[in-house]
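The structure appears below as structure tokens.
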Amino acid sequence: METHEEGETERMVEALLFAAAEPLSLVDLARRLPEGADVPAALAGLAARYDGRGVRLAEVAGRWRFQTAEDLAFLMTDEREEPRRLSRAAQETLAIVAYHQPVTRAEIEAVRGVQASRGTLDMLLELGFVRPRGRRRTPGRPVTYATTDTFLEHFGLASLADLPGAAEMKAAGLLDLDLPPDFAVPDPSAARDDDAPLGDEAAPEFHTDYVGDEG
Amino acid sequence: METHEEGETERMVEALLFAAAEPLSLVDLARRLPEGADVPAALAGLAARYDGRGVRLAEVAGRWRFQTAEDLAFLMTDEREEPRRLSRAAQETLAIVAYHQPVTRAEIEAVRGVQASRGTLDMLLELGFVRPRGRRRTPGRPVTYATTDTFLEHFGLASLADLPGAAEMKAAGLLDLDLPPDFAVPDPSAARDDDAPLGDEAAPEFHTDYVGDEG
Amino acid sequence: MSDTFQPDLDFEAARGAVETGEALIVDLDGYEGPLDLLLALARSQKLDLLQISIARLADQYLAFVREARRRRFSLAADYLVMAAWLAWLKSRLLLPRPRRGPDDAGADELAEHLAFRLAKLDAMRKAAESLLARPVLKRDVFARGDPEEARIVSTTRVCGDLYELMDAYITQRKREARRNYTPRPQQAFSLEAARERLRDLLPELQRWTPLTGVAPMGAGGGPTRASFVASTLSASLELVREGDLEARQLEHFAEIYLRRKRAA
């Protein structure tokens, strides 16, 4: 029958090994435990306690750590569906689409000041956050992009009108005083809808500028 | 007596939770386990098994994780991170958001009786404890704020229902945001929303024999 | 309500409070506004905030404000507004109750509301304390320090973060606002030059040749390719009109082909 002290030492070793970022040696453990603690006995107790469990106590090169039981290793190979964190570039592009929709690729690039890499917008399309929405009635008839319902759900918004505006950005400390006085954040829910729908290519409206915007 | 399957499910859940870098939900666990595995039963079994140990099973933000026992915090000197100290204003603001959510900035200011200084809410937003949630359907459509899963995980809360003292405060009417229409304590911060009464205006009932929460 | 504010503070009441021996520590730095100060005073009066005497609280507050003024502390306006209101409220509380009109909130009711508001702030303050007293992650309790290599991560978490989205947006808009444009003067391929060049090329255009092949490629510093193409197109249309060239396009947006007009 183990004494109270032995039980306590075992608990402490258990907690230390659990929270440690790397395997701990006997010396490491002894240094962090109250003086006189019987570390080997505690390790032996723990090893017995975890015997046959989903996790076991293992000694690796004189250091101790918890590791998954060998027969359950198959559980650990499952890596599907990692939550994809958006890259900074994707986050920025998504933000511009959200606030300026409907927006063309060229307009996104104008705000970002860099060429939107093809991949960024494609990734947002693939993730279902952004969709092609229509064509701007301007020369070249560029495709415009807008956000999707998935976007709203993902960010917990009831509607586009719920996107925080300039006042909230200011409240959140994001707006500095050194911005131009005419600085404004567009309200996407109030955006005018004068784009041509997608897929009406059959009805040409332009006769003079079909040379396109090459170059 | 537990069956072999139950024991195996418990081992697998144990292994997964030990290996996980963050709390896992029932769905996360079920997805990795053989079909038909009784995850809640396995969690209950694990909770009992680890009761009183150096590591214990905790539910945070509706997800599960193993964590070291609270009474062993003194051992964890190497792992401890010096948390960013919250100012008193930030602490109070966080409490108001937590207990009143969704809540607008004006409502926070009304409870505190002072204008929110810049930096208070942004710090909470930046720490990831608070997030913009939507807009109140009232004139001006002010943005509402709510707490995040990070908040629950940080403070070890299974859900918002576990906020300390919330039930008592609610019963005492202390969590109502609706101030009676004739409530006229001068409030410098109220200038911005002086004509936007929130929600229903039924005057709360006052009983002079409220049991104070200290008495 | 503003018409009911008394412009003058009720200093008699304040003096009374001082004479009753209320210990006053005038240190405004410690308080976050008048409500906070009132709460501190109320707490010193009674533990149950809903049982406090608002008249006495008003006295305490006014005495505090008066003391602050005597020591020439500058008081923020909201402290003075509160003082005026409390002085008014106290006078109403002490007066024999007048017949009330339907819109006239009773002084007792206002006093109750104030007590309730203090209780509310107090509740939140205690809530903050009890939150911070909880076992906090990485301070009191610790998660696994060395999770497995093959990361077992939660997939049901929402990773969309509105704050990050706002931040991403505004960072760019700031960048945009600060960007200095130094527009280079556009060099255009003049129509004259295009005509001249096309006339020179006419003998070579015996077969249908795509416009894009006829227009100069453009490289280095000169006009852009778009300008070359546009001017060449315009020049070719002029030559068509003059009867020296033929142009053809099979469908909208398709390539335009040019050919020297054969002599009739």
Side-chain angles (χ1 to χ4, degrees), chain A residues 7-22 24 28-29 31-34 42 46 49-50 52-56 66-78 80-81 83 152 155-159 161-165 167-175 187 189, chain B residues 7-20 22 28 31-34 42 46 49-50 52-56 66-69 71-80 105 116 118-126 130-137 140-146 148:
Chain A
E8 275 305 294
T9 304
E10 199 183 301
R11 286 184 73 226
M12 292 182 198
V13 172
E14 186 179 31
L16 283 171
L17 288 177
F18 174 83
E22 51 190 4
L24 298 179
D28 294 331
L29 287 165
R31 177 177 61 79
R32 297 178 63 176
L33 290 170
L46 271 183
R49 185 180 292 274
Y50 279 90
R53 302 295 313 153
V55 170
R56 65 182 200 84
F66 283 116
Q67 65 182 38
T68 309
E70 280 80 356
D71 65 312
L72 298 181
F74 73 94
L75 288 171
M76 304 300 147
T77 55
D78 189 346
R80 69 195 151 169
E81 281 192 77
L152 293 177
F155 286 89
L157 295 166
S159 72
D162 291 323
L163 259 186
E168 290 78 36
M169 292 182 181
K170 195 169 174 180
L174 291 170
L175 286 186
D187 176 2
S189 63
Chain B
E8 276 304 294
T9 303
E10 199 184 299
R11 286 185 71 224
M12 289 187 224
V13 172
E14 185 181 34
L16 284 169
L17 288 177
F18 253 75
E22 54 188 315
D28 292 327
R31 193 177 289 157
R32 292 190 169 79
L33 293 173
L46 281 176
R49 185 180 293 274
Y50 279 89
R53 304 292 313 154
V55 169
R56 64 176 205 88
F66 279 115
Q67 65 186 33
T68 58
D71 66 309
L72 299 180
F74 71 97
L75 283 176
M76 303 296 162
T77 45
D78 289 12
E79 287 79 18
R80 183 165 302 128
R105 173 178 286 262
R118 287 186 70 125
T120 306
L121 203 51
D122 9 323
M123 184 179 168
L124 296 173
L125 286 160
E126 204 185 300
V130 165
R131 66 187 169 92
R133 184 168 171 281
R135 285 178 190 275
R136 179 79 20 102
R137 308 260 175 257
R141 300 175 47 73
V143 167
T144 57
Y145 296 92
T148 60

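Every chain is numbered from 1, with letters handed out A, B, ... down the list of sequences. Both backbone and side-chain heavy atoms feed into the values below; hydrogens, waters and symmetry mates do not.
Side chain of A/Arg53 to main chain of A/Ala69: no donor-acceptor pair is present (N/O by atom type, distance under 3.5 Å, no hydrogens or angles). B/Arg11 contributes a side-chain N or O that, together with a main-chain N or O of A/Gly52, makes up a donor-acceptor pair within less than 3.5 Å.
Salt bridge absent: A/Arg49 and A/Glu14 never bring a charged side-chain N and a carboxylate O closer than 4.0 Å. In summary, A/Asp187 and B/Arg141 do not engage in a salt bridge, as defined by a charged side-chain N under 4.0 Å from a carboxylate O.
Neither the backbone nor the side chain of B/Arg80 comes within contact range of chain A; no heavy atom of the residue lies under 4.5 Å from a heavy atom of that chain. Residue B/Arg56: no heavy atom, backbone or side chain, is found under 4.5 Å from chain A. No part of B/Glu126 comes within reach of chain A, as not one of its non-hydrogen atoms sits under 4.5 angstrom from that chain. For B/Leu72, the part lying near chain A is the side chain, with the backbone staying farther off; criterion is any non-hydrogen pair under 4.5 Å.
Taking B/Val13, B/Leu17, B/Val143 one by one and counting their heavy-atom pairs under 4.5 Å with chain A, the maximum is reached by B/Val143. Chain A forms more heavy-atom pairs under 4.5 Å with one residue of B/Leu125, B/Thr77, B/Leu75 than with any other, namely B/Leu75. In terms of heavy-atom pairs under 4.5 angstrom with chain B, the leader among A/Asp162, A/Leu163, A/Leu16, A/Asp71 is A/Asp162.
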Verdict with reasoning, A/Asp28 to A/Glu22, per side-chain contact (heavy atoms from CB on, under 4.5 Å): CA-CA 11 Å; A/Asp28 294 331; A/Glu22 51 190 4; over 6 Å; no

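Distance OH/B/Tyr50 to CZ/B/Phe66: 4.5 Å, rounded to 0.5 Å.
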